[in-house]
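Read the structure below first, then the notes.
Quick caveat: nothing in here was measured; it's all calculated off a predicted structure.
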Amino acid sequence: MVSLLRNQKARNVLLQVLYVGSLAALVLAGVMIARRNLAEQGITSGFDFLYKSTGWDVNFSLLPATANDPYWWFFLIGIINTLFLGSVGLILATVVGTIVGLARTSSNELARLLGRTYVDIFRNIPLILQVFFWYAIITHLPTPRAAHEAWGMLLTSRGLYVPAPNVGGVAMALAILTVIAAVVLPVWLGRTSRLSQPIGKRLAIQLAGMAAALACAVLVLLVARLPDAPLLDFPALQGLNLKGGLRIPPEFSALAIAIAIYGGSYIAEIVRGGFKAIGKGQVEAALSMGLSPWRVFTLVKLPLALRAMLPILANQYVWLIKATTMGIAVGFTDFFMVVALTINHSGQTLEAIGILMAGFLTINLSLAAVFNRINKAIALKGNQLRG
């Protein structure tokens, strides 16, 4: 035994075993104490509550929901709502951040001043205050009878009503996927090495791929249209309320706008840093070859900037996904709010928090894995000189 303890490798293994064993003992003790306290309060532990009826309803759901649905179905609704809000917020924040970031790197002094002013203002105001600000503005819009109308859309204090296709939920989801494919497909066609055409001469193929995907989306909507109904259902005033179309509630709108503006201020700085990281010699070399400013931007500056931006951008996206939990402040039924309601109604605190942690871990780790894969795919191969 003494000779075994004198072995450095054996001592290291023993210390690791003792460390892991101590952590496991602490966790086990905490679980036992929690179960005993719950038992004294008459609260049973376990996940059987997931199959019980909730008894409450939600104000926003992309899936059909009633008060008789079980808890597990409401957890699924909360996750989908969080993913939907996060996707819309990330897209809008990326658009805003890209525009402001390009303005900050512009040669125009006024554009740089406006971009810097935007970043300095919205980056230094807490997100929850911005959520309350936009929610207050939206809820103080005119009533349905005095709604603002434009291009078939109605803007009221009860939300934004937009025309919606008269199709089922499955067909609508399929159409949305094809529209997303219309955006992703041209990018993939422009970067893949499986095509024989040079990368800079694939515009016709990219446009054809986009047109084909959009045509599939239109075909799905035409085929799946509800019988004896027009293709689009327009909102209209009926009595004291609005009927028809798709209603975007104020809670969702306020959160999407706040995440877009707040997240866009951070993404703008990431975009600015990415373009500032490009060496002047590379740009001058491209210009000396006779390339137009637009081709220099698309073929030289943008790819190099993306490689510099992507790792930091992935961290920002993960943070913005977690920022969707601000929805509980204005009553949006996201994953966090569903968990909070579950704790209040069922008393299963530890189980609900465990599901919440597992859900956000899965979402954020999946998002990080996707960005790591993209980062690896666009990384320059071989040795690179940095300076």
State the [atom1]-[atom2] distance between [X] and [Y], to the nearest 0.5 angstrom.
X      : Y      : atom1 : atom2 : answer
Leu207 : Leu185 : CG    : CG    : 11.0 Å
Asn372 : Leu310 : CG    : CG    : 8.5 Å
Phe336 : Thr325 : CZ    : OG1   : 6.0 Å
Ile248 : Met153 : CD1   : CE    : 9.0 Å
Leu141 : Thr143 : CG    : OG1   : 10.5 Å
Asn315 : Leu320 : CG    : CG    : 11.0 Å

Has the side chain of [X] got a donor or acceptor atom that lies under 3.5 Å from a matching backbone atom of [Y]?
X      : Y      : value
Arg247 : Gly159 : no
Asp69  : Thr66  : yes
Ser265 : Tyr118 : no
Ser106 : Leu102 : no
Glu251 : Phe332 : no
Ser253 : Pro250 : no
Glu269 : Val119 : no
Asn81  : Phe60  : yes
Arg116 : Arg104 : no
Gln348 : Phe47  : no

Exercise. Determine the sole option in Ile128, Asp334, Leu85 for which the side-chain contact (heavy atoms from CB on, under 4.5 Å) test with Met326 is passed.
Key: Ile128

Self-check item: Residue that, paired with Ile278, satisfies side-chain contact (heavy atoms from CB on, under 4.5 Å) out of Leu304, Thr105, Leu302
Solution: Leu304

Is the [X] to [Y] ring centre distance short of 6.0 Å?
X      : Y     : answer
Phe252 : Phe84 : yes
Trp56  : Phe74 : yes
Tyr71  : Tyr51 : no

Practice problem: Could you give me the CA-CA distance, side-chain angles and deciding distance for Val296 and Lys301, then say whether side-chain contact (heavy atoms from CB on, under 4.5 Å) is met? | Solution: CA-CA 6 Å; Val296 171; Lys301 296 178 68 175; 4.2 Å; yes

Taking a hydrophobic cluster as the set of Ile, Leu, Val, Met, Phe, Trp and Tyr residues connected by side-chain heavy atoms closer than 4.5 Å, whether directly or through intermediates, do [X] and [Y] fall within one such cluster?
X      : Y      : value
Ile270 : Val95  : no
Leu114 : Ile261 : no
Phe133 : Val96  : yes
Phe122 : Ile99  : no
Val183 : Leu174 : no

So, for [X] and [Y], which heavy atoms are closest and what is the spacing to 0.1 Å?
X      : Y      : result
Met309 : Gly274 : CG-CA, 3.6 Å
Ala217 : Ala175 : CB-O, 4.0 Å
Ala260 : Leu92  : CB-CB, 3.4 Å
Ala67  : Thr54  : O-OG1, 3.3 Å
Ile259 : Gly89  : CG2-CA, 4.0 Å
Gly209 : Leu189 : CA-CD1, 4.3 Å

Quiz item: So Asn59 and Thr333, side-chain hydrogen bond (donor to acceptor under 3.5 Å, both in side chains) or not? Walk me through it.
Solution: CA-CA 7 Å; Asn59 58 3; Thr333 314; 2.6 Å; yes

Min side-chain heavy-atom separation [X]-[Y] under 4.5 Å:
X      : Y      : result
Leu129 : Leu127 : no
Ile363 : Leu367 : no
Phe335 : Ile80  : no
Asn375 : Pro311 : yes
Asp120 : Thr117 : no
Phe75  : Thr342 : yes
Leu246 : Tyr161 : no
Trp134 : Leu255 : no

Quiz item: Is any side-chain N of the basic residue among Lys52 and Asp48 closer than 4.0 Å to the acidic one's carboxylate O?
Solution: no

Exercise. Could you please spell out the steps behind the side-chain contact (heavy atoms from CB on, under 4.5 Å) verdict for Ile343 and Ile353?
Key: CA-CA 8 Å; Ile343 293 173; Ile353 293 178; 4.0 Å; yes

Quiz item: Can you check side-chain contact (heavy atoms from CB on, under 4.5 Å) on Leu76 and Leu63, steps first, answer last?
Solution: CA-CA 9 Å; Leu76 180 61; Leu63 299 175; 4.2 Å; yes

Practice problem: Would you please test Gln316 and Ile267 for side-chain contact (heavy atoms from CB on, under 4.5 Å) and show each step? | Solution: CA-CA 7 Å; Gln316 186 62 35; Ile267 293 176; 4.0 Å; yes

Quiz item: Are Phe297 and Phe275 close enough, and set up right, to give a ring pair (Phe, Tyr, Trp, His ring centres under 6.0 Å), and what steps lead you there?
Solution: CA-CA 10 Å; Phe297 176 80; Phe275 280 99; 5.7 Å; yes

Self-check item: ring pair (Phe, Tyr, Trp, His ring centres under 6.0 Å) between Tyr262 and Trp319, intermediate numbers included
Solution: CA-CA 12 Å; Tyr262 183 77; Trp319 188 92; 5.8 Å; yes

